[in-house]
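Worksheet: one structure, shown below.
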Number of protein chains: 2
Amino acid sequence: MLKKGVERKEVLRALGEVFRAHGYEGASLTLITEATGLGKGSLYHLFPGGKEQMAAEVLADIDGWFELNIYAPLRDANDPARAIAAMIAGVDQYFHSGDRVCLVGLVALGSARDTFAETVDDYFARWQVALAQLLRRSGLSRSQAQRRAEDALLTIQGALVLARARNDAGIFRRALSDLMARLLAP
Amino acid sequence: MLKKGVERKEVLRALGEVFRAHGYEGASLTLITEATGLGKGSLYHLFPGGKEQMAAEVLADIDGWFELNIYAPLRDANDPARAIAAMIAGVDQYFHSGDRVCLVGLVALGSARDTFAETVDDYFARWQVALAQLLRRSGLSRSQAQRRAEDALLTIQGALVLARARNDAGIFRRALSDLMARLLAP
DNA sequence: CAGACACTGTACCGATCGGTACAGAGAGTC
DNA sequence: GACTCTCTGTACCGATCGGTACAGTGTCTG
């Protein structure tokens with residue numbers, strides 16, 4: 001028998017990588033069974049809702065990671081500069097310095113977008129709010145803070161796309177370092 | 001009989017929209033026949049190479065549009081400010097102010113990336129070079145110009161992703177207008 | 001009008017899709 | 001050891017996948 005909590009997390013991690021590599025529609029059950037090491041029987045026992053439930057839980061898992069490691073620290077921070085540096089470091093770590101794709105962005109672009117529209121919107125919205133509020137506390141106006149936070153999210157997404165398109169992780173590194181400077185500017 | 005050149009262009013346009021909406025793997029032949037109004041017979045007569053040839057020609061068609069409407073004007077420009085404004089306007093027009101997705105970026109993120117890696121890389125590389133050379137002519141250093149051009153491409157891609165994810169075309173508009181200012185800064 | 005040739009609709013192919021049914025394996029409880 | 005309940009491998013389902021074969025149909029050339 002499985003240690004339910006632990007094992008499920010590991011399955012979700014493997015599922016995430018499959019979805020990242022092939023997109024929602026491209027991730028066939030064959031690929032999924034290979035990546036997870038679980039047969040269809042186990043898979044549909046764990047996720048009675050099928051592929052859609054798998055993807056939903058993977059997205060929720062990702063959301064949870066960002067909530068814990070990015071959004072909450074942003075909200076709780078006293079020192080803006082430190083908090084922003086921590087966010088940049090967390091993002092760099094999560095995306096493996098540009099090697100890893102953003103599943104939320106990938107879903108947003110594909111035709112599965114409508115199915116997960118709320119989750120996708122929420123992921124970015126909460127990030128933007130948390131970052132914007134931090135920037136406000138550092139002295140920016142409400143609208144400036146919002147715009148700058150929007151710019152940050154967009155830069156990260158764009159850097160991931162371009163890094164992958166050009167197969168050059170340096171793009172991601174440079175974008176993050178520029179972004180940090182831009183966020184901290186007076 | 002068809003006016004070959006004209007008709008083929010129209011088919012490619014329809015194909016492009018299908019690929020944009022569903023991605024390369026998600027664009028089934030059923031969807032393609034519906035979008036183009038052509039049966040399988042016609043489709044495989046026009047594109048003996050199947051789906052892969054269709055996608056390749058669509059990408060080549062897009063590349064051609066950008067070469068004509070974006071890259072070449074960038075290369076031939078005397079007035080940098082005017083040229084950059086024209087580029088921004090062209091981009092805004094092409095992407096329907098953020099409603100339309102970038103197929104090249106979409107392919108880059110999906111698993112069809114390897115198949116079209118060279119085309120994808122080339123698309124961005126030529127854009128970046130054309131823009132960077134213009135920026136050099138406007139007085140920037142080589143490395144500054146390159147970085148700023150990279151930032152421009154990445155901003156456009158990121159804005160498209162975020163605009164779609166949050167279903168807010170305003171994001172794209174704002175990003176383009178900020179980008180213009182950033183490109184023209186001394 | 002005859003023949004050539006570009007084009008198209010339909011039937012069909014094997015493979016794979018997401019999903020289901022179910023018998024049984026394995027571990028925990030009494 | 002009998003029973004329960006979670007978990008899993010396998011066979012199978014109808015639908016759809018990308019692609020092929022081919023007999024047309026229409027149009028242009030001689």
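Letters A, B, ... are given to chains in the order of the sequence lines, protein chains preceding strands, and every chain is numbered from 1. Everything numeric here is computed off the predicted structure, so don't read it as measured data. These numbers come from the heavy atoms of this one structure, side chains and all, not from hydrogens, waters or symmetry mates.
By the side-chain hydrogen bond (donor to acceptor under 3.5 Å, both in side chains) test, A/Ser97 is found to be paired with A/Asp92, residues two or more places apart in sequence or in another chain being considered. For the ring-ring contact (aromatic ring centres under 6.0 Å, His included) test, no residue two or more places apart in sequence or in another chain qualifies with A/Tyr44. Checked against salt bridge (Lys or Arg N to Asp or Glu O under 4.0 Å), A/Glu52 has no partners two or more places apart in sequence or in another chain.
The A/Leu38 side chain lies nearest to D/dT8 when the options are C/dG9, D/dT8, C/dA6.
The side chain of A/His45 contributes no N or O atom lying less than 4.0 Å from OP1 or OP2 of D/dT8.
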| note | A correct 5'-to-3' footprint of nucleotides 14-19 of chain C, with B, S and - meaning base, sugar-phosphate only and no protein heavy atom under 4.0 Å, is ---SBB

Donor-acceptor pairs under 3.5 angstrom involving side-chain atoms of residues 72-89 of chain A: please list them, not counting sequence neighbours.
| from | atom 1 | to | atom 2 | distance (Å) |
| --- | --- | --- | --- | --- |
| A/Arg75 | NH2 | A/Glu67 | OE1 | 3.2 |
| A/Arg75 | NH2 | A/Glu67 | OE2 | 2.2 |
| A/Asp79 | OD1 | A/Ala81 | N | 3.1 |
| A/Asp79 | OD1 | A/Arg82 | N | 3.3 |

Just list the side-chain donor-acceptor pairs under 3.5 Å for residues 101-110 of chain B, sequence neighbours left out, or say none.
none

